[in-house]
Amino acid sequence: MVRDEGYPKLERQPLTLVLAEFRFARVTFDPSALAMLKERMASRFGEMTEGVAQQVQLGDAGVTIMPAPYVIWRAPESGASVHLEVDRIAYATTMYPRFEGFARDCLAVLEALIETLQPVTLHRVGLRYNDAIIPMPDELLEQYVEAPLLPFSPLAAGSGAVVRHLSETVVQTTAGALVVRALAGMHGLGMMPDLLGQFGLPLRVDVPPDRPVAVLDFDHYWEVAEAEGVAFDVDTASDRLTRLHEPAREAFWKVTKEFARTQRWN
């Protein structure tokens with residue numbers, strides 16, 4: 001199929017956050033290697049934050065609390081952020097161009113990681129899109145999103161306003177597993193709750209808290225057990241990321257209405 005023939009780019013796309021996550025065999029934050037990585041990242045990301053969180057691990061000995069150092073880089077002017085831990089790195093943006101540009105920027109970050117901290121094996125690649133569906137004041141969510149993702153209509157009727165309704169569908173794809181979620185109601189959120197504040201990027205849309213809206217979450221991922229990890233290089237990561245893109249994009253078109261795509265987002 002010719003690119004964009006079935007799914008042309010929307011001029012006013014409702015995307016609020018796009019992220020790619022890569023999980024790998026645990027590395028150590030060697031001071032000299034980490035310093036090299038920081039130097040590489042400084043040319044693009046003007047802000048950097050370091051910290052240590054607490055990570056809970058379950059094992060034969062019970063529950064263990066482990067320190068989990070992290071580094072966050074931000075470029076607020078370009079809506080981009082990177083979150084690095086000892087076993088994962090995530091690249092996120094609130095200013096998504098096309099997939100090719102997003103992937104290029106993401107893989108540049110991976111190249112810097114691989115050449116400095118040198119993770120050995122890749123265990124998971126995830127690509128996640130969040131959209132804020134905000135109808136006009138005189139319109140209904142049903143004009144934008146297919147009914148199975150919305151609250152049961154009799155419950156939403158009358159004076160009882162639905163505050164939150166969460167739906168989730170998991171689909172096995174040729175590239176991995178695709179999880180499609182919808183959080184509908186009068187919640188005032190522009191992205192899924194677990195992503196709020198994670199990357200320190202401001203939301204670029206005003207979400208009204210006094211009328212029904214919806215967050216669509218398309219979470220497509222590939223993963224293998226840690227013992228079965230594959231060699232971590234840029235080409236492998238790029239291939240996995242690219243294969244995750246099209247099914248997630250297609251899912252957006254399947255769960256949204258033509259009226260929204262042609263009259264409101266184009």
Could you work out, with salt bridge (charged side-chain N to carboxylate O under 4.0 Å, His left out) as the rule, every residue matching [X], not counting sequence neighbours?
X: Arg44; answer: Asp105
X: Glu223; answer: Arg124
X: Glu115; answer: Arg40

*asked:* Centroid separation under 6.0 Å, is that true for the rings of Tyr91 and Phe22?
replied: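 No, too far apart.
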
Are [X] and [Y] close enough that some pair of their side-chain heavy atoms sits under 4.5 Å apart?
X: Leu84; Y: Leu37; result: yes
X: Val82; Y: Met41; result: yes
X: Thr173; Y: Trp222; result: no
X: Val180; Y: Leu216; result: no
X: Val86; Y: Phe29; result: yes
X: His83; Y: Ile89; result: no
X: Glu168; Y: Asp217; result: no
X: Val230; Y: Thr236; result: yes

Decide whether [X] and [Y] are clustered together by the hydrophobic rule: side chain heavy atoms of Ile, Leu, Val, Met, Phe, Trp, Tyr closer than 4.5 Å, transitively.
X: Leu166; Y: Val145; result: no
X: Val18; Y: Leu195; result: no
X: Ile133; Y: Leu10; result: yes
X: Leu107; Y: Phe232; result: yes
X: Val109; Y: Met95; result: no

For residues [X] and [Y], is any side-chain donor paired with an opposing acceptor at under 3.5 Å?
X: His165; Y: Ser167; answer: no
X: Arg181; Y: Thr169; answer: no
X: Thr94; Y: Arg204; answer: yes
X: Thr28; Y: Asp30; answer: no
X: Ser238; Y: Asp235; answer: no

_Test side chain to side chain contact (heavy atoms under 4.5 Å, CB included) on Phe45 and Arg74; report intermediate values, then the result._
CA-CA 5 Å; Phe45 299 93; Arg74 300 183 189 88; 5.5 Å; no

Around atom [atom1] of [X], are there more than 12 heavy atoms from other residues, nucleotides or ligands closer than 6.0 Å?
X: Glu258; atom1: CD; result: no
X: Gln13; atom1: CD; result: yes
X: Asp206; atom1: CG; result: no

To the nearest 0.5 Å, how far apart are [atom1] in [X] and [atom2] in [Y]?
X: Asn130; Y: Leu203; atom1: CG; atom2: CG; value: 10.0 Å
X: Glu146; Y: Leu149; atom1: CD; atom2: CG; value: 8.5 Å
X: Gln263; Y: Lys257; atom1: CD; atom2: NZ; value: 13.5 Å
X: Arg128; Y: Asp219; atom1: CZ; atom2: CG; value: 5.0 Å
X: Gln198; Y: Met191; atom1: CD; atom2: CE; value: 10.0 Å

*Take Val27 and Gln118, measure what side chain to side chain contact (heavy atoms under 4.5 Å, CB included) needs, and give me the verdict at the end.*
CA-CA 8 Å; Val27 299; Gln118 300 180 348; over 6 Å; no

Residue pair [X] / [Y]: nearest heavy atoms and the distance that separates them:
X: Val205; Y: Ala132; value: CG1-CB, 4.4 Å
X: Tyr144; Y: Met136; value: OH-N, 3.6 Å
X: Ala184; Y: Leu150; value: CB-CD2, 4.2 Å
X: Ala90; Y: Arg88; value: CB-NH2, 3.8 Å
X: Leu19; Y: Ala92; value: CB-CB, 3.9 Å
X: Phe259; Y: Glu139; value: CZ-OE2, 3.5 Å

*Output, in order, the C-alpha distance, side-chain angles, deciding distance and verdict of side chain to side chain donor-acceptor pair (under 3.5 Å) for Arg261 and Thr256.*
CA-CA 7 Å; Arg261 296 192 303 267; Thr256 56; 3.1 Å; yes

With no hydrogens and no angle check, is any side-chain donor or acceptor of [X] less than 3.5 Å from a backbone partner on [Y]?
X: His220; Y: Leu127; result: no
X: His245; Y: Leu241; result: no
X: Glu246; Y: Glu250; result: no
X: Ser78; Y: Ala75; result: yes
X: Ser81; Y: Phe199; result: yes

*side chain to side chain contact (heavy atoms under 4.5 Å, CB included) between Thr16 and Asp131: does it pass, once the steps are laid out?*
CA-CA 5 Å; Thr16 52; Asp131 299 271; 5.8 Å; no

Could you pull out all residues at least two apart from [X] that satisfy side-chain contact (heavy atoms from CB on, under 4.5 Å)?
X: Glu11; value: Asn266
X: Glu50; value: Leu34, Lys38, Met48, Val71
X: Arg211; value: Ile134, Pro137, Pro208

*asked:* For the residue pair Arg12 and Trp265, would you count it as a cation-pi contact if the rule is NZ or CZ under 6.0 angstrom from the ring centre and within 45 degrees of the ring axis?
replied: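 Geometry flag: not set, cation outside 6.0 Å or 45°.
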
*Would you sort out whether Glu100 and Arg104 count as a salt bridge (charged side-chain N to carboxylate O under 4.0 Å, His left out), showing the intermediate values?*
CA-CA 6 Å; Glu100 290 79 3; Arg104 182 177 59 250; over 6 Å; no

*Step by step, would you call Leu244 with Val125 a side chain to side chain contact (heavy atoms under 4.5 Å, CB included)?*
CA-CA 9 Å; Leu244 294 172; Val125 179; 3.8 Å; yes

*asked:* Please identify which of these residues, Phe102, Tyr96, Phe99, Phe218, meets the ring pair (Phe, Tyr, Trp, His ring centres under 6.0 Å) condition with Tyr129.
replied: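 With Tyr129 as partner, Phe102, Tyr96, Phe99, Phe218 yield a single ring pair (Phe, Tyr, Trp, His ring centres under 6.0 Å), made by Tyr96.
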
